[in-house]
*Asks:* 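Take a look at the following structure, please.
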Amino acid sequence: MSTRKRGRPSLNANNDEDELSPAKSNSAPLSAVKKRKLNTYGSKRGSNLFGTLASALGFGRSEKENVGGTEEKDELAQEEGEKDEDIWAVPDDDNDDDGNEATPKIRKREEQRATPGKGASMSHGRRMNGSAKSENIGSAKTSGKDVYEVDSTDEDASLSTRVAQTSNGKRATQRLKARVGDDDLDSDAPKRARGRPPKQLKIVSSSKKSPGTPRKRDILKKAKNLSREAAFQAMVEAGQRAAEESDGAQTTTRRRSGRSNAEVEAHEDIEDSIEGKDDAEAAVIAKGRPSKDGLEPLKDVPKGILTPTKHRALKARKSVAFEALNGIDLGFKDVPDSANKTTKSKQSRKSHESSTTTTSTKARKQVKPVGDIPQQGTELADDIACAFCKGLDSDKGNEIILCESCDFAIHLKCYGLSQVPKGDWLCRDCEPNLENDGLLATEVDGDVALGEEFDNLPEIEGLDDHLRHMQRILLDRLTGQKRIKLRGHDEEMRKVFQVVEQTVLAGEGNSMLVIGARGSGKTTLVESVISDLSTDHRENFHVVRLNGFIHTDDKLALKEIWRQLGREMDAEDEMTGKANHADTLASLLALLSHPSEISEDQANQTAKSVVFVLDEFDLFTTHPRQTLLYNLFDIAQARKAPIVVLGLTTRIDVVETLEKRVKSRFSHRYVHLSLPRSLPAFWEICKEGLLVETEDLEKEGFDDGITGEDEFVSFWRSSIEELYNNDAAFKHQLQSQFYRSKSVPAFFTSCILPIANLSARNLPLTGRKFTSSVISVSPPDSKLHIIQGLSELELSLLIAAARLDIILDTDTCNFAMAYDEYSSLTSRHKIQTSSAGVTALGSSAKVWSKVVAIGAWEQLADYELLVPAGFGGGSTRDSGAGGRMWKVDVGLEEIAGSVESLSGVMAKWCREI
Amino acid sequence: MSKSTDSVIGNITLSLLLQLRAAPAKNIVIYGLEATGKSAIAKAVLEGLSSNTTSNDEPNGELRYVIVRSAECIGVRHLLEQIVGAVAKALDWKGSVGRCENISQLVVELERLLGQRTSDTEGQGRRLVLVFDGIDHQRDAPPTLLPGLARLSEVIPNITSLFIVTAPRPNFLHSPGAPQIQFQAYNKDELLKILALLEPQPQLPGGAKETKDMWNRFCSAVWDSLSKHSGRDLVSFRTLCLRLWPKFVAPILDGSLAATPFGRVMNANRPLFQNDETLVPGISYGAPKIAASSAQTQSTNKHHGIGTQLPYYSRLLLVAAYLASFNPPRTDQLFFMKSAAAKRRKKGGGTALTKGRPGVTKHRKISRKLLGPQAFILERMLAIFHAIKEDADDRGRRGTGREVTAGSADIQMAIATLASLRLLVRMGAANAADALDGGSKYRVAVGWDVVRGIARSVGVEAEDYLAE
């Protein structure tokens, strides 16, 4: 399945809820997920807080200017920080920040938000904060709630420094916000520590008295950071000085970009400051913000964990998302607010943005590149946002789909699709031609909306009739009812013709083999030779056609020869009644033999030539003793009668299978029919099935008196040529057939539906109609399509059996082994889920009984996903499907890819041995 | 892609490919998993087409069809004669239909049946559609059957062959370019939609509407608890729903429960959804629940029943045979030699239980029990028999005091009886040597559960002797 669907992890949903009710989550200390959660959560809350404060102030413009300057340092710093992380940051965070801290902080934030949100002044809010913090410190010290204390001291310290350093209150709030946001971040801890003034760090370390946190670590931390902090402090101060010169807001940005998650936050801050005018808006924006994160963690990030594939995808997508963002911004400027809350917020945000764009285009330009070099590492890079609504949620029914070629990501609904398209999906920009609406309609009932192609229709009288005649002929050809002219095998055709002609005219005996792959035109060649000859000499020869698949032994073949000859020669019918093989053969030989050789008095036996066409010649060689071949070749060679034996086969070594006495009687004439060697040669043949000449129409019995016929034929020819020359989709279809199989019949089959659906209204044939995969009439590529329809038990057993392949290092297994593996996997899963506190979903973790499982096993064998290994387990009679040894016919890695909605457990089973 | 549109498309495609005036393909393949509506849709399309064309009063456009189900045919000859008979019926053939032993004759017969039509100049017009339903599961099919049938339409121009198969192998017709139409498996919504059309019996006292609501929710519950996991095709899902429905509504019908809170009814019937015995095919479904459960226990006790019915020495022989099958011969010294008895006792028989932790090593050893029974020489089994005889108590023994010796007629007869009961399976050629020769090979045909029970009945703890 190449449509990539990105399910947003459920924690984002949590985030959304958190926004509305902040006190809820975040208290459960979970392992890896937590990081991300906390990160987004924290930054969101921080910005939210900022938004509220900023809204109270009415501040908030371009604080983005100076971002670029500090970037190099940031990266360096971050690398160091990440190195450090292993040593001290993670335990630190686990102890300090994660679980315990969350709750008090939330509480505090609620207080904060409550007050300024109501329009209280900034100073009021800050005072509130400060007081709260000092209280906190005191209480924490007494109560020993050291984790809480860390937080509060952090904020307190930063607050105080900020108050000291900046005259601008707004900057302080931003910083406060940054601090708040930072404290939640696991991975940002080193940077946070770095960003902190040394004084504050001291507070942290000194105020920590928790039993869980060893002092050593703090010391280590201090030591590690002191030098960096010194440098950074200098930098910050320099930045602040500069900022005070120009605009207070800038410093914040810079300072923030000094921290690890510079870009997103910086960007967010811009928006927040822009939008922070009213509370509700800010809240909603905070919700929508991760989309930006998803869009913009794009460039080469110093990523820790992420796989390279994701990296690639994101990189490719970046520019598109950026453009789309801009374009949509402008487009939405005038749209009135709708009832939908989220869209409203989006729109309002966009309008805000666009309004500010005029004032700070430059700033914007600078911010965006920052966004392209995200420092935030791994947390959000996974998220892919819809390019239209910026939403990150990829729910069922409204998944985010990605374009195959440019990684353009968009919601289904935003794109106007109702369901996930099958196969590769291309966005409008990448699609060969732009018509993708009404495609289904085109395919199904041949009714297309009259597109812009309609105007280049030729003015031909009686277009409908012409088209119908054309379709009739073409479809007969495409389905193989009528043979097409052989192309590119003139030499071979001449050879065969010569041989047959000599037999018919000169009475020679001949034998010849026509060797070529399926679909290479062997039968077409022979039939066209025969029909060529029969135009002049029909009365001089008979044709006997035999097929190795149908005439499976010599007796049947002889009977059939007799029957066909008898029918043609009007021989007496009683011979067919004779069941005696010898008699048939004798009389047949007599019939074929030259009259002079038998006796003079049988003068009624004419010496007509007989053409034997033995299709699937190789199967005739498997008949016991090759009696038929021996006799035929003998007659041909000994000039007993003028016959020619044409053997058609796909096997190139067929002569080796002939017995010696048969081989010596064979004339060793071969004609090899090769498949077309180049694409143009292939097209030459295929074109034969798609083009109609005027005489063909006449031959088909359509009266040629209709006006406009020639025009239509030439129009058709030109449109087919046009398809080949200029239509990329059609060319692609042709190429895929050529490179995969070179099979002309397969190509014709793929043409049936487009040709049949053609009507005068959708006339110009386009390549789209060929390539669309709404209904495919081609055979399946593999048996993997079966897996999609398997029940869960069958799938589990299949996975278990496929695992055994790897685990046991043997390619065979029996039911008992697979069931053992299945039950151990399932029960392990059950234990894991129950120990993790996740309620096992009903029967998903149930181990089904052996009796039920063996039914599923038999079903798998029925679908040929299991093929009998042929040894071990003894006779099949005593043991059913359960007792035998089987081979799994699909690989473990194939299973996961071919099921659309594979449950997480099973995907894990496929992944991990 | 939802099923409805899928089938619509399938319909249209199929009719397109079958229709005379459209694109009469020679061979068409329909494939899809079981119970995805392949045969039903094919039949409906053909019916529609044949009635359409006859009413069209276009003399050339007549379409006849013949459906042959491979499942109903024992062998190839049966299949071919079915084809000829069905074709004759479809064409209103009055004369006699000849024998048909192979495809070659089939071709002849079909040509004869269609003869007067093909001899006409407009013979092209009439089209006969041969539907081979489930042809890939034809019994005793020679490898040339499918390619041969695919050649029918080449030999006789106005035949279209329609092959309905489950999972086509690549190029199984040996003729390239046959259009293949896939029928996808139903998903849950589609299955529920289809089942909603059923009228379950018995109806609820609340009337049709209540029954319908209940039925829909019931089907959904059955799907989630049972059918999703095993037997997710339409047929088995429907069978299961219909089978469980009477038990499900029984408490409502006898008045002990109200129909309205569905959750309560569900709770009352929870065992119904947790018992996977309902998924096992059997004939005791119609019986009420208690009887059914007793029948289940009976069936699980079947082998134990056999065990208890066997005479003492036969039981012991069976245990010995099991040990011989599952123990590698090199461990025999350890387990069955008298000198090793102390050692074995000390080992304490914890063999089956002390497994290594699963999933620790990358390449695990295959447990011998999982590999199935191996063949053993009769002599070895007799030796084991004598070894464990010492340990066995005489509880189940009838005639006391009589000692049997190796190779005595009684033991030989017991072995022969076990073999004739197919509890032991003779390996190798059937008439290679004397069945009771010491060198002839056997394999045990009963599982561990049965043997453990039997061994206990003769006072032998089979685990003590099992190498693992």
Side-chain angles (χ1 to χ4, degrees), chain A residues 419 422 444-445 475 478-481 518-519 547 549-552 556 559-560 563 619 743 745-746 748-749 752-753 756 774-780 783 785-786 788-789 791-794 807-809 814 816-817 820 824 828 842-843 848-849 851-852 855-856 862-864 873-874 878 883 913, chain B residues 1 8-10 12-13 16-17 22-26 29 31 33 102-104 107-108 142 144 147-148 151 155 157 166-168 170 174-182 184-185 224-225 228-232 274 276 279-280 358 362-364 366-367 369-372 375 422 425 427 443 445:
Chain A
Q419 46 197 218
K422 279 188 179 177
V444 174
D445 43 14
L475 287 176
L478 294 178
T479 53
Q481 301 286 350
R518 294 208 184 279
N547 192 314
F549 282 129
I550 294 175
H551 309 107
T552 45
L556 291 175
K559 260 187 172 174
E560 181 65 17
R563 197 183 66 87
L619 291 175
S743 169
F748 283 170
T749 305
I752 291 178
L753 289 181
V774 174
I775 346 154
S776 157
V777 289
S778 58
K783 52 175 73 167
H785 68 274
I786 301 172
Q788 177 67 49
S791 69
E792 308 232 319
L793 178 59
E794 285 159 2
I807 293 172
L808 300 176
D809 211 16
N814 60 12
M817 289 154 72
D820 185 58
S824 79
R828 217 186 309 164
S843 44
W848 293 87
S849 72
V851 199
V852 180
D862 222 27
Y863 289 154
E864 289 180 350
D878 298 312
I913 293 300
Chain B
M1 182 72 43
V8 166
I9 290 167
I12 288 162
T13 314
L16 204 74
L17 291 172
K26 285 183 167 178
V29 178
Y31 68 96
L33 297 188
N102 42 48
I103 298 184
S104 157
V107 174
V108 176
T144 54
R151 296 297 184 285
V155 179
T166 312
H174 287 285
S175 70
Q180 308 209 348
I181 305 169
Q182 186 186 5
Q184 291 190 332
D224 283 334
S225 60
K228 181 170 80 169
H229 302 285
S230 68
R232 55 160 288 165
Q274 284 167 345
D276 55 359
L279 292 169
V280 183
K362 192 169 173 74
H363 295 294
R364 276 182 251 159
I366 308 172
S367 151
K369 210 187 275 180
L370 297 178
L371 280 175
R422 305 200 73 73
V425 178
M427 304 295 287
R443 193 161 58 84

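Predicted model only: the values in this text are computed from it and were never measured. So that the names make sense, note that chain A is the first sequence line, chain B the second, and so on, each numbered from 1.
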*Asks:* Based on non-hydrogen pairs under 4.5 Å, which of A167(B), S175(B), P142(B), G177(B) is most in contact with chain A?
*Replies:*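 Heavy-atom pairs under 4.5 Å are most numerous for G177(B).
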*Asks:* Specify which of Q180(B), K26(B), R151(B), K228(B) makes the most heavy-atom pairs with chain A at under 4.5 Å.
*Replies:*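 Ranked by contacts with chain A, first place is Q180(B).
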*Asks:* Which region of P147(B), side chain (C-beta onward) or backbone (N, CA, C, O), has a non-hydrogen atom less than 4.5 Å from a non-hydrogen atom of chain A, or is it both or neither?
*Replies:*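 Its backbone and side chain both get close to chain A.
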*Asks:* Check whether A178(B) gets within reach of chain A through its side chain, its backbone, both or neither, counting any heavy atom under 4.5 Å.
*Replies:*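 Contact with chain A is through the backbone of A178(B) alone.
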*Asks:* Can you check whether H229(B)'s main-chain N or O pairs, donor with acceptor, with S791(A)'s side chain at less than 3.5 Å?
*Replies:*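 Side chain of S791(A) to backbone of H229(B), a donor-acceptor pair under 3.5 Å: yes, one is there.
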*Asks:* Based on non-hydrogen pairs under 4.5 Å, which of N547(A), I786(A), V851(A) is most in contact with chain B?
*Replies:*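 Between N547(A), I786(A), V851(A), the count favours I786(A).
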*Asks:* Between S743(A) and P176(B), what is the shortest heavy-atom contact and its length?
*Replies:*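 Nearest heavy atoms, S743(A) then P176(B): OG-CB, 3.9 Å.
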*Asks:* Of the listed residues (T144(B), L33(B), N102(B), V29(B)), which shares the most heavy-atom pairs with chain A below a 4.5 Å separation?
*Replies:*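 Answer, by heavy-atom pair count under 4.5 Å with chain A: L33(B).
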*Asks:* I want to check something: taking the side chain as every heavy atom from C-beta on, are I550(A) and V155(B) in contact at a cut-off of under 4.5 Å?
*Replies:*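 Counting from C-beta outward, I550(A) and V155(B) do come under 4.5 Å.
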*Asks:* Are the side chain of S104(B) and the backbone of H551(A) linked by a donor-acceptor contact shorter than 3.5 Å?
*Replies:*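 No; zero donor-acceptor contacts below 3.5 Å.
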*Asks:* P779(A) versus P170(B): any side-chain heavy-atom pair under 4.5 Å?
*Replies:*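 They are not in contact (no side-chain heavy atoms under 4.5 Å apart), so the answer is no.
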*Asks:* Quick one: what part of Q788(A) sits under 4.5 Å from any heavy atom of chain B, side chain, backbone, both or neither?
*Replies:*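 Contact with chain B is through the backbone of Q788(A) alone.
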